[in-house]
Amino acid sequence: MELLFERSREGRGQTILPQCDVPEYEFDSALLREKAPRLPEISEIDLGRHYTELAGETHGVNNGFYPLGSCTMKYNPRINEELSALNGFTGLHPLQPQCTAQGALQVIYETQKMICEITGMDDMTMQPAAGAHGEYTGLLLIRNYHKERGELQKRTKIIVPDSAHGTNPASAVMAGFKVVSVPSNEFGGVDLEALKAAVGDDTAGLMLTNPNTLGLFDPNILEITKIIHDAGGLCYYDGANLNAVMGHARPGDMGFDCVHVNLHKTFSTPHGGGGPGAGPVGCKAFLKDYLPSPQVKKDENGYSLFVPEKTMGKVRDFYGNFLVVVRAYAYILTLGKEGIPEASANAVLNANYMMNKLKGSYTIAYDTQCMHEFVMDIGPLKSETGISAMDVAKRLLDCGIHPPTMYFPLIVHEALMIEPTETESKETLDKACEFFLNIYKEAKENPEVLHSAPNNCTIGRPDDVLAARNPVLKYSFE
């Protein structure tokens, strides 16, 4: 499709802005351009068609199946969007008097309490802006804990499984720790013997996702957290996969001391496009005094802000991405204590249903009951036909399906990670499985169709490396 600059014709335009109704401000000439910017000149109808065409090129949950693994790309109820757009929320100023923002403070306070109940934590901050930001905040809790005890100099290492999200080791380094990777066992869980060998007086803590990135719940979780605690370390829970267990199992009951939750993965905010997100961090009582400031409290006078006794300070401007919290508040209240476990149960049911329909053809990396997602290993198919995980993913685009996560986790070299989520119907899953099985058949009978895919999209196969290293970010008039 043509760019706006390519549609531009000199002299064309539109009148879409109202006349200025306030006095014009004269800027200092040093701040002004010497000549006007070269902007597109285009009629209103052509402008409308341009953006309509762009919208038609996008793919989201309103367009079709979106089984992106470990990202929980769920349908987000529109009522939550409406509630977060209420003037009483969007019209707030973060510096206005607390007595005039009681409703917002109540939303923050009650959302914290509800997520604490879901995760088994005692207190929580809503400040962190996303998952990795939450990881960093949780690690600062661990850091401050060891620092106050006078052990920070020796407790320098964070243990991370080899199946972890890539942000885990990055966050640990950002927080000033060294990373020790432990391998997975033959069942996809943490290798206990390797963990015991890695733990020592220098262990500050463990970062773990359970269920993990393979979509597997580690049956040894209580022993894992005990090993860390016995060594004097703390346990951090990456809540990226919480929607697989919420309402059924709580990280706090598994032995974790702090946890981050992705509101934009589990509690209703649209995930994708770079934001907005929220990664609130919960902790056990012995860590709550280190939480970021300010925190919200409730007393006989209403809701107010206070500074925790040993706070780490702010990790985000003001109180985080507040409207994301509003969506989570609405989502949790709508589902209630019966709906929360039902949502996670449906996520697990859908994943197992789809996995069992595909495993007669595709190789499942760890062929056991999964949780909310499962990983297919395309390696055997590639050895036989030359068809890679990338080929399968590209072919899915021709079917109107967003591809699963590719080549992750790294311990499965030709991985496709599929997460159908709790909101998809059986009919949608059956249709998706039909496409997957047809692609498998094509790989055997007509592999060239997959090598050239996608065949029905605006863009075929760009040079991914070239696009990443030499992106074209501006239009050239030459």
Side-chain angles (χ1 to χ4, degrees), residues 1-63 75-108 126-127 129-130 263-264 268-278 314 316-330 458-459 471-478:
M1 61 179 292
E2 289 184 318
L3 302 177
L4 276 179
F5 288 104
E6 295 168 327
R7 288 176 178 259
S8 177
R9 295 296 183 270
E10 186 176 354
R12 290 185 185 172
Q14 59 216 276
T15 305
I16 60 175
L17 297 178
Q19 292 295 317
C20 182
D21 59 357
V22 297
E24 292 188 16
Y25 180 82
E26 295 292 334
F27 287 94
D28 186 287
S29 60
L31 300 176
L32 300 177
R33 297 171 180 264
E34 294 183 1
K35 60 180 181 179
R38 189 172 180 179
L39 299 176
E41 299 178 71
I42 192 167
S43 67
E44 183 173 341
I45 189 169
D46 285 338
L47 183 66
R49 286 171 179 169
H50 172 76
Y51 284 107
T52 300
E53 288 175 16
L54 278 180
E57 295 296 327
T58 63
H59 184 94
V61 291
N62 284 341
N63 302 96
Y75 170 79
N76 303 283
R78 294 299 179 261
I79 183 64
N80 300 350
E81 299 297 311
E82 295 289 335
L83 293 173
S84 68
L86 291 172
N87 290 336
F89 295 136
T90 60
L92 287 171
H93 191 286
L95 294 179
Q96 71 187 65
Q98 296 177 35
C99 62
T100 67
Q102 288 294 293
L105 294 176
Q106 180 180 352
V107 167
I108 295 173
M126 309 304 286
Q127 269 195 29
L263 297 189
H264 51 285
S268 173
T269 291
H271 180 300
K314 288 188 176 182
R316 178 75 165 81
D317 293 345
F318 304 107
Y319 325 114
N321 291 334
F322 171 64
L323 297 181
V324 179
V325 179
V326 175
R327 293 182 179 96
Y329 182 67
T458 302
I459 297 176
V472 179
L473 302 178
K474 65 180 182 179
Y475 180 74
S476 175
F477 290 96
E478 301 172 0

If I take atom [atom1] from residue [X] and atom [atom2] from residue [Y], how far apart are they, to the nearest 0.5 angstrom?
| X | Y | atom1 | atom2 | answer |
| --- | --- | --- | --- | --- |
| Leu4 | Leu39 | CG | CG | 10.5 Å |
| Met1 | Glu6 | CE | CD | 9.5 Å |
| Glu57 | Ile459 | CD | CD1 | 8.0 Å |
| Gln106 | Tyr329 | CD | OH | 5.0 Å |

Do side-chain atoms of [X] reach the backbone of [Y] as a donor and acceptor pair under 3.5 angstrom?
| X | Y | answer |
| --- | --- | --- |
| Glu41 | Glu10 | no |
| Glu81 | Pro77 | no |
| Arg78 | Asn76 | yes |
| Ser268 | Ala328 | no |

> Do other residues, nucleotides or ligands put more than 12 heavy atoms under 6.0 Å from Ile45 CD1?
Replying inline: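 Counting other residues, nucleotides and ligands, CD1 of Ile45 stays at 12 neighbours or fewer.
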
Of the non-hydrogen atoms in [X] and [Y], which two are nearest, and what is the gap between them?
| X | Y | value |
| --- | --- | --- |
| Asn321 | Gly277 | ND2-O, 2.7 Å |
| Ala278 | Val324 | CB-CG1, 3.5 Å |
| Gln96 | His93 | OE1-N, 2.8 Å |
| Arg33 | Pro37 | CD-CD, 3.7 Å |
| Thr90 | Ser84 | CG2-O, 3.5 Å |

>> Working note: Leu263 + Arg327, criterion side chain to side chain contact (heavy atoms under 4.5 Å, CB included); need CA distance, chi angles, decisive distance, verdict.
In response: CA-CA 9 Å; Leu263 297 189; Arg327 293 182 179 96; over 6 Å; no

Check: [Y] and [X] side chains under 4.5 Å, non-hydrogen atoms:
| X | Y | value |
| --- | --- | --- |
| Leu105 | Gln98 | yes |
| Glu2 | His50 | no |
| Gln14 | Ile42 | yes |
| Thr269 | Leu323 | no |

> What's the verdict on side chain to side chain contact (heavy atoms under 4.5 Å, CB included) for Val107 and Phe89, showing C-alpha distance, side-chain angles and the deciding distance?
Replying inline: CA-CA 10 Å; Val107 167; Phe89 295 136; 4.1 Å; yes

>> side chain to side chain contact (heavy atoms under 4.5 Å, CB included) for Phe318 and Leu95? Distances and angles first, verdict last.
In response: CA-CA 9 Å; Phe318 304 107; Leu95 294 179; 3.4 Å; yes

> Which of parallel (below 30°), tilted (30 to 60°) and perpendicular (above 60°) describes Phe477 and Phe5?
Replying inline: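 It falls in the perpendicular class, over 60°.
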
>> If you apply the rule side chain to side chain contact (heavy atoms under 4.5 Å, CB included), what do you find for Asp46 with Arg12, and how did you get there?
In response: CA-CA 10 Å; Asp46 285 338; Arg12 290 185 185 172; 4.1 Å; yes

